[in-house]
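In what follows, chains are A, B, ... by sequence order, proteins preceding strands, each numbered from 1. Computed from heavy atoms alone, side chains included, the values below leave out hydrogens, waters and symmetry copies.
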Number of protein chains: 2
Amino acid sequence: MILSRTSQYAVQALIFIATRPPGEPVLNREIASYLDVPPAYLAKIMQSLCKGSLLYSFRGRLGGFCLREGAEKTDLMKILLLTEGAGFTQDCVLGLKVCSDATACPMHAKWVPIKKKVVSLLTDQTLEKLARAVQTGKYRLTDLPASLFAPVRRT
Amino acid sequence: MILSRTSQYAVQALIFIATRPPGEPVLNREIASYLDVPPAYLAKIMQSLCKGSLLYSFRGRLGGFCLREGAEKTDLMKILLLTEGAGFTQDCVLGLKVCSDATACPMHAKWVPIKKKVVSLLTDQTLEKLARAVQTGKYRLTDLPASLFAPVRRT
DNA sequence: GTTGTTTCGGAGAATTTTATCCGAAATCAT
DNA sequence: ATGATTTCGGATAAAATTCTCCGAAACAAC
C-alpha cells in the first residue's frame with residue numbers, strides 16, 4: 001500500500017524538476033527545501049536517478065540537476081522500478097517467494113486484477129502530466145507550510 | 001504495494017489457525033514451523049493479536065492459540081488495521097501528511113478509486129473464506145518446501 | 001507438591017532503511 | 001591561479017523493523 005520514503009522523495013523531486021524550465025539545472029538544496037526533505041539524503045537519491053539515466057547533473061557554479069532529454073515522458077513505473085527494485089509489483093501479498101497462477105496464495109486470484117490496475121495507472125502517469133497537474137495549482141507536491149500552523153519564529 | 005513482514009506473518013498465521021479444528025489450541029511452534037517463520041518473532045505477533053481480541057491464548061500443557069468465537073468472520077482489513085496501524089489505507093502515495101479531496105497530490109484523484117478496490121477486497125476476504133480456499137488444496141499458505149530444491153540433509 | 005510444557009513480557013541484538021558528514025573532484029567567475 | 005560553489009563517493013550515525021533470548025507466570029499431568 002505504501003512506497004518507501006526513498007521512492008516518494010524521488011518522485012516528488014522529479015515532478016518538481018519537471019515543473020521548472022527544462023535545461024536549467026536545479027539545485028539539490030532548492031529541491032530539498034521546497035519539498036522539505038533532508039538535503040543530504042535527497043542528494044543520494046538524485047545520484048541514483050542520474051545513474052538510472054533520468055537526470056543530468058552538473059557540478060560547480062550554475063550546477064544542479066535537470067531532466068535528461070525526453071525524461072519528461074518517463075512514467076512512474078520506470079521510476080519506481082529504479083527506487084523500489086525490479087519486481088516490486090510481482091511480490092506476493094502474503095510474502096510467498098513464489099506466487100504465480102500455477103502455485104498461488106489464497107489472495108492471488110483476486111489480487112492480480114488490482115495489481116494490473118495499479119501498474120497501468122503508474123505506467124500512464126508521466127512526469128510531464130504530473131508536473132502540469134501541479135502547475136495548474138489544483139494539486140500540490142508538498143505539505144502546506146508549517147508556518148500556517150506554527151507561530152512565526154524570528155532569527 | 002507491500003505489507004510489512006509482521007502483517008504477512010499475522011495473516012498467514014491466522015489463516016492457518018482457521019484451517020484447524022476450532023477450539024483446539026495450536027502451538028506457536030507448530031505454526032512457525034509450518035509457515036517457516038521465526039518462532040520467537042511470531043510469538044510476539046501472536047501476543048498482539050491476542051490483545052487485538054482476535055485470538056485466545058492458553059499457557060502450559062494443552063496450551064497454544066485459537067481463534068476467538070466469531071473470529072473466523074474477521075476480514076483482512078481488520079487484521080491489517082491492527083498490524084499496520086490505523087490509516088494505512090489513507091496514506092498519500094507521495095507521502096504528503098495531508099492529502100484529501102480538498103488538498104491533494106497530483107496522484108490523488110486517480111489513486112482513490114484503486115484504494116477503494118483494495119479496501120473492498122480486503123474487507124471481503126475473511127479468514128473463513130481464505131482458510132477454505134487453502135483447504136481445497138488449490139491455494140497455498142507457504143512456500144514449497146526447500147527440500148524440493150535442496151538435497152536432503154540428514155541429522 | 002514437583003515436573004514439564006507453553007505463553008507472557010521485557011530487554012536487547014541484527015538488519016534494513018533513513019539520514020548525516022566530510023573530503024575530493026568538477027565547474028565557473030574573478 | 002584563486003576562490004566560491006556544487007555534485008560525488010565513501011564512511012558513518014540514527015531510527016525503524018525484524019528477530020532473539022531469558023526469566024517468570026500459568027497450566028496440566030503425575
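Between dC8(D), dA19(C), dT20(D), one nucleotide has an atom nearer to the side chain of F65(A) than all others, and that is dC8(D). Ranking dC19(D), dG9(D), dC8(C) by closeness to the P38(B) side chain, first place goes to dC19(D). Distance from the side chain of K44(B) is smallest for dA11(C) among the nucleotides dA11(C), dC8(C), dA19(C). When distances are taken from the side chain of K51(A) to each of dT18(D), dT20(C), dG9(D), the shortest belongs to dG9(D). Comparing dT20(D), dG9(D), dT7(C) by their nearest atom to the side chain of N28(B) picks out dT7(C).
Using a 4.0 Å heavy-atom cutoff across all strands shown, Y56(A) reaches no nucleic acid atom at all.
Rounded to whole Å, the distance from CE on M46(B) to C1' on dG9(C) is 16 Å. Atom CG of L42(A) and atom C1' of dC8(D) are 14 Å apart (whole Å). The nearest whole Å value for the distance from the CD atom in E30(B) to the C1' atom in dT6(C) is 13 Å. Between Q47(B) atom CD and dT7(C) atom C1' the separation is 7 Å, expressed in whole Å. Across the protein-nucleic acid pair, I2(A) atom CD1 and dT17(D) atom C1' stand 14 Å apart, rounded to whole Å. A straight line from CG of L27(A) to C1' of dT7(D) spans 10 Å, rounded to a whole angstrom. The interatomic distance linking R29(A) (CZ) with dA4(D) (P) rounds to 15 Å, in whole Å. Going from atom CG of L49(A) over to atom P of dG9(D) covers 14 Å, rounded to whole Å.
For the pair S57(B) and dC8(C), the criterion of a side-chain N or O lying under 4.0 Å from OP1 or OP2 is met. Here T6(A) does not reach the OP1 or OP2 of dT17(C): none of its side-chain N or O atoms lies under 4.0 Å away.
Between the side chain of K73(B) and the main chain of E128(B), no donor-acceptor pair closer than 3.5 Å is present. A donor-acceptor pair is defined here as one N or O able to donate and one able to accept, closer than 3.5 Å; no such pair exists between the side chain of E72(A) and the backbone of L67(A).
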Checklist outcome for this item: For nucleotides 25-30 of chain C, 5' to 3', base contacts (B), sugar-phosphate-only contacts (S) and non-contacts (-) with protein non-hydrogen atoms under 4.0 Å give BBBSS-

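By the 4.0 Å N-to-carboxylate-O rule, D75(A) lies too far from K129(A) to be salt-bridged with it.
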